[in-house]
Amino acid sequence: MRIGSLAHSAGVTTKTVRFYEQAGLLPEPPRTPSGYRDYPPESADRLMFIRGAQVAGLTLAEIRHILAVRDSDRAPSGPDADLVAGLLRQVESRLAELAHARDTLRALAAPPPGRPARAGDAARPDAAGDRPDRPGPTGA
């Protein structure tokens, strides 16, 4: 797969793909006879992991280390296992923080009880029919 297709499937830019390659996070792919990079399909999953790990607060050095452990095809042990466990705790903590922020934003976006919904409320994911604590529309 060419770099543009890879970037599109992973939701990043081609510049990002090249940066991750230069940073040692994405292995340099083989080249076609005409010189184009030819990425294997699993490169998209690797890119999505890298982006998700960054969003969760991991540094590029931590991500590089985790990918090296994963690429070794062996279970992490000793310091590697400790690092993985610590990073997992960090990611789980970040997920809890994000869930709390989401719940707070949903509560702020919801119309107060007794006030009619605004025109755009039905399209929102927290509209009355999508919230278990609110009755949905009748007659459906």
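Being a predicted model, the structure only gives us computed values, none of them experimental. All residue numbers in this chain count up from 1 along the given sequence.
Considering only heavy atoms from C-beta on, L98 comes within 4.5 Å of R94 through its side chain. Residues T13 and F19 are not in side-chain contact: their nearest non-hydrogen atoms beyond the backbone lie 4.5 Å or more apart. Annotation: side chain of F49 is in contact with side chain of I63 (closest heavy-atom distance under 4.5 Å). L26 has its side chain within reach of Y39: a pair of non-hydrogen atoms, C-beta onward, lies under 4.5 Å apart. In this structure the side chain of L87 reaches within 4.5 angstrom of the side chain of Q90, judged on heavy atoms. Using a 4.5 Å heavy-atom threshold, the side chains of R2 and D38 count as separate. When side chains are defined from C-beta on, P29 counts as touching E21, because their heavy atoms get closer than 4.5 Å.
Counting all heavy atoms, side chain and backbone alike, V69 lies closest to P76 at CG1-CB, 3.8 Å.
In the hydrophobic cluster analysis, where Ile, Leu, Val, Met, Phe, Trp and Tyr join through side-chain heavy atoms closer than 4.5 angstrom, L25 is grouped together with M1. Under the 4.5 Å side-chain heavy-atom criterion for grouping Ile, Leu, Val, Met, Phe, Trp and Tyr, V84 is connected to I50 within one hydrophobic cluster. Following chains of ILVMFWY side-chain contacts shorter than 4.5 Å, one can reach L67 starting from V91, so the two form part of one hydrophobic cluster. Clustering ILVMFWY residues whenever any of their side-chain heavy atoms sit less than 4.5 angstrom apart, transitively, puts L95 in the very cluster that holds L58.
Salt bridge R89/E92: absent, no basic N to carboxylate O contact under 4.0 Å. Between D71 and R46, at least one side-chain N (NZ, or NE/NH1/NH2) sits under 4.0 Å from a carboxylate O, which counts as a salt bridge. In this structure, D80 pairs ionically with R74, as a charged nitrogen and a carboxylate oxygen lie closer than 4.0 Å. With respect to the salt-bridge test (charged N to carboxylate O, under 4.0 angstrom), the residues R37 and E28 do not qualify.
The backbone N or O of H100 lies less than 3.5 Å from a partner atom in the side chain of T104, making a donor-acceptor pair. The main-chain N or O of T59 is never found under 3.5 Å from a side-chain atom of Q54 such that the two would form a donor-acceptor pair. Between the side chain of R51 and the main chain of V12, no donor-acceptor pair closer than 3.5 Å is present.
With values rounded to the nearest 0.5 angstrom, S43 atom OG is found 10.5 Å from I3 atom CD1. Of the inter-residue distances, the one linking L6 atom CG with L47 atom CG reads 5.0 Å to the nearest 0.5 angstrom.
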